[in-house]
A.B. asks: 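If you scroll down you'll find the structure; I have some questions about it.
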Amino acid sequence: MISDSVQTPSITNGHADASMRVQVIDEDKKFNADLSKWIDKWGLRSAGFDYDVVAVFGSQSTGKSTLLNKLFGTTFDVMDETQRRQTTKGIWMCRADDLPVLVMDVEGTDGRERGEDQDFERKSALFSLASSQILLVNLWEHQIGLYQGANMALLKTVIEVNLSLFGKTDQKTLLLFVIRDHVGATPLTNLSATLTADIERIWASVSKPEGLESRLLTDYFDLEYVGLAHKILMPDKFEADVKSLRTRFTFGPTGFFKERYRRRIPADGVGVYMDSIWEQVSSNKDLDLPTQQELLAQFRCDEISKAALEAFTSRAKEGRRNLEGGKAVANLGGMMRDWKTEALHRFDTEASRYHAGVYKSKREDLTAALHAYLQPLFMAQLKNLHKSSLALFKVQLEEGLRKDGYDFATVVGDARTKSQTAFKEGADEVLIPDADWDYDLELQQLDEDLTSLTALSKSDEMKKMVNSIERTFKREIGEKVDLELGRPGPKMWDTVLTVYSAALQKAEQAYVKKAKSFGSTPDEDAKSLLTLRQRAWRALKVKVDEHTTETLLLSKLRASFEEKFRYDENGVPRVWSKNDDIDGLFRKSRDETVELITVYSRIKPSNPDLLPAFPPEEEFSGIDGNDEPFEFEESLLILSEAKQVDITSKFRREADAYFVEAKRSIVSSIAQIPYWVYGIILLLGWNEAIFVLFHPIYLFTIIMAGAAAYAIFQLNLAGPLFQISRTVTNELQRQAHGRLKEYFADPPASPSGDLRQRRVSPGTEMLEK
Ligand SMILES: Nc1nc2c(ncn2[C@@H]2O[C@H](COP(=O)(O)OP(=O)(O)OP(=O)(O)O)[C@@H](O)[C@H]2O)c(=O)[nH]1
Ligand SMILES: [Mg+2]
């Protein structure tokens, strides 16, 4: 779309493309879709409202392009003198070289080559007026006053078009009449008066819409007149006039550019705006500027919002990724607020220049979109906070419970407060003021989790406490019960159970004292106490079972029996005499001992109240649950009937052995030689004794034998000597036996063979037997 003609872009405003021109609407009335890009290239995209638009109108070949180039440093094509044909076709645009001004060079009116398309003039007027605040009307001096001239038709079009566009508004436009080839014979004042009168006449002639009949031309237009000398005949004067005119194109009270002329289309929306204006104009639709501005606002606000949202999401993605790690991201709220602020700021900067209503609603849409994007981040952060707060609670709880003499309720309370505070602080940090988010549900969820963790920990700690109390209980009963079970008697179980009750009572008191700090419920206490009682009972039962293993029980019975049978009332071992009633004492001792088997066979105190009471199993279960069934009644039985019979018979056998032994000891004492026998021996052997005592060799032999016996006794050699003598005797016997066997098996040849036969036959019979 750029003209083929040679260009020499000036870079005075810092943009390489700044002075390049562009055909906005071509000969075929097509709009250039790249206009927005050109606004960008001309460096005006972010100019907001601080830019102006100037368009030139006038007959063909009246030096319009020449004038614009001179005034604004633009690069529009100028007619080649030698060709003399229409140059500017359609509408061109270029940026002024050192001003934020868009200059529009419009195809000349009454174009001979466009005879077939007369309405282009009207359309280009509509287009130019809708977007430009200063309209340069280019006239030859000699045409002024010619009412029927082409200029009059042009002016009528401009006035009509302006009424249709801005009739009901206060929008003003500057009409700058540039009188070309002003010779100077007619002063400018006269010329301007003539022109003013002409325009007023046109104004009076145009039909005005209803309600606008009384409005004046000056309500819509400011009129300015300037004369330029003949370019060919008075080139210097022409240059000077242009230069002087150039100085008036400034913004402010003395310049042509004024706020009231501006169309208030943000520079970044000019491309879209002109496109839609041309679209309406070229399709002959009514051009309603407020609607156009609203449409433009919607389009542009959407675009701006989209760009802002894209920039926002690319930044926020990082935070999203970090959250996926499962850890709460530090300062996420701060970052989220920054992203949001930045996005809204970006949006506001450009969009706030557009239609206020549209801008406001689009801003709300954008805010909602930002919140919608951030909300999952908020939720993810809450989830991570939940996790970290639970972890903090556990750590705090563990630390607290590790300390000696902790108070459970205090430890839990502190840990809970810390965990909740950490969660709330984290959650507050990530809140966005107007996002209408809250974390009540999540906090409640955390509370519930903390409660169940507390319950778990409490049950653990209570179990530990019960275990520790149980250990103390076992130590407490250990020795005493051992002692009592070692000395059986009819009151044995009473004593054992009294020891048990006392220790249990102590244990229960210890529990109650400690349980206070757990804030346990009566139900929990009842469970724990029951467990404690069950465990205590089990511990007692284990002790009892240890004492009633078969071997131990038999040895106890033996000991008890021995004590009764073998020792007298004073604990001195009995030496049985013939006169003792061994049978009676044996029976008594044995029966009493057998009685003990019955005592050991069942935990049965003489006072039944001493037995602890347990609720029926199905009604109540302790903290151990039901996995370890507890049968109290069954636990009372220690030895079954069969076992009792077995042990009784074993014991009886042992007792019988003692009885036999006792009987034997009487026989051996009866087998002693009576003392009078010694008297007879002494009497009968007196002479031999005297002989031996007074015979030196016998006496010496006796003394020597006595000394040897004494030495053997002193050196404990009696045993070994007996052993040796027994071995020697055995050996001698064996050898003698062997010899005899040999002798009888193979007798030496003897003449008295028959005799041998006769003598030996009984012995042989014996051997054979
Ligand atoms: N007499 C006279 N001729 C001028 C003046 N300025 C420019 N010209 C000449 O007029 C001819 C047309 O100049 P352009 O600037 O192309 O005129 P234009 O109005 O843009 O022409 P179109 O674009 O074809 O409508 C050129 O040959 C110029 O040299 C002027 O002030 N007086
Ligand atoms: Mg031109």
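Counting starts at 1 for both ligands and their atoms, in listed order. If you read the sequence from its start, that first residue is 1, and numbering goes on from there. Owing to the predicted nature of the structure, the values given are computational and were not obtained by experimental measurement.
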A.B. asks: Inspect the surroundings of CG in Asp428 and state if more than 12 heavy atoms from other residues, nucleotides or ligands are less than 6.0 Å away.
C.D. replies: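 For Asp428, atom CG is crowded (more than 12 foreign heavy atoms under 6.0 Å).
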
A.B. asks: If you measure from each non-hydrogen atom of Thr88 to ligand 1, which part falls under 4.0 Å: side chain, backbone, both or neither?
C.D. replies: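 Both backbone and side chain.
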
A.B. asks: Tell me the contacting part of Glu107 for ligand 1: side chain, backbone, both, or neither, using a 4.0 Å heavy-atom threshold, strictly below.
C.D. replies: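 None of Glu107 does.
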
A.B. asks: For ligand 1, note which part of Met79 has a heavy atom under 4.0 Å away: side chain, backbone, both or neither.
C.D. replies: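 Both parts.
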
A.B. asks: Answer with yes or no whether Trp92 contacts ligand 1, where contact means a heavy atom under 4.0 Å from a ligand atom.
C.D. replies: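 Contact check Trp92 vs ligand 1: negative.
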
A.B. asks: Going by heavy atoms in the side chains, are Met20 and Thr75 under 4.5 Å from each other?
C.D. replies: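 They are not in side-chain contact.
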
A.B. asks: Quick one: is the NZ or CZ of Lys156 closer than 6.0 Å to the six-membered ring centre of Trp203, and within 45° of its axis?
C.D. replies: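 Verdict for Trp203: no cation-pi partner in Lys156.
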
A.B. asks: Output the list of atoms in ligand 1 that are nearer than 4.0 Å to some heavy atom of Asp181, sorted by atom number.
C.D. replies: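 Going through ligand 1 atom by atom, the ones under 4.0 Å from Asp181 are 1 (N), 2 (C), 30 (C), 31 (O), 32 (N).
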
A.B. asks: Is any side-chain heavy atom of Val54 closer than 4.5 Å to a side-chain heavy atom of Ser132?
C.D. replies: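 They are not in contact (no side-chain heavy atoms under 4.5 Å apart), so the answer is no.
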
A.B. asks: For ligand 1, does Phe238 get within less than 4.0 Å through its side chain, its backbone, both, or neither, judged by non-hydrogen atoms?
C.D. replies: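 Side chain only; the backbone of Phe238 stays clear of ligand 1.
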
A.B. asks: How close do Leu323 and Leu377 get, counting heavy atoms only, and between which atoms?
C.D. replies: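 Shortest heavy-atom contact: CD1-O, 3.5 Å.
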
A.B. asks: Please determine if Gln60 has a nitrogen or oxygen closer than 3.5 Å to a nitrogen or oxygen of ligand 1.
C.D. replies: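 Such a contact does not occur with ligand 1.
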
A.B. asks: Could you list which atoms of ligand 1 come closer than 4.0 Å to a heavy atom of Arg180?
C.D. replies: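 Contacts of ligand 1 toward Arg180, numbered from 1: 5 (C), 6 (N), 30 (C), 31 (O).
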
A.B. asks: Under 6.0 Å from the six-membered ring centre of Phe76 and within 45° of its axis: does the NZ or CZ of Arg21 meet both?
C.D. replies: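 No, Arg21 and Phe76 do not form such a contact.
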
A.B. asks: Is Ser65 close enough that one of its N/O/S atoms sits under 2.8 Å from the Mg ion (ligand 2)?
C.D. replies: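 True for Ser65.
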
A.B. asks: Does the structure place the NZ or CZ of Arg263 under 6.0 Å from the centre of the six-membered ring of Phe49, at an angle of no more than 45° from the ring's axis?
C.D. replies: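 Not satisfied by the 6.0 Å and 45° rule.
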
A.B. asks: Flag Gln60 as yes if one of its N/O/S atoms falls below 2.8 Å of the Mg ion (ligand 2), otherwise no.
C.D. replies: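 No - counting backbone and side chain alike, Gln60 has no N, O or S atom under 2.8 Å.
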
A.B. asks: Can you find an N/O atom of Gly63 closer than 3.5 Å to an N/O atom of ligand 1?
C.D. replies: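 Right, the criterion is met.
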
A.B. asks: Quick check: does Lys64 get an N/O under 3.5 Å from an N/O on ligand 1?
C.D. replies: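 Checking ligand 1 against Lys64, an N or O pair does fall under 3.5 Å apart.
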
A.B. asks: Do Tyr354 and Gln298 have side chains that get closer than 4.5 Å, going by heavy atoms?
C.D. replies: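 Result no, sub-4.5 Å side-chain heavy-atom pair not found.
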
A.B. asks: Is it the case that the ring center of Phe31 lies less than 6.0 angstrom away from the ring center of Trp278?
C.D. replies: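 Aromatic pair excluded; centres sit 6.0 Å or further apart.
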
A.B. asks: Which atoms from ligand 1 have a heavy atom of Thr62 less than 4.0 Å away?
C.D. replies: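 Listed by number with element: 17 (O), 18 (P), 19 (O).
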
A.B. asks: Only heavy atoms of Thr66, strictly under 4.0 Å: list the atoms of ligand 1 that pass.
C.D. replies: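 In order of numbering, the contacting atoms are 7 (C), 13 (O), 14 (P), 15 (O).
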
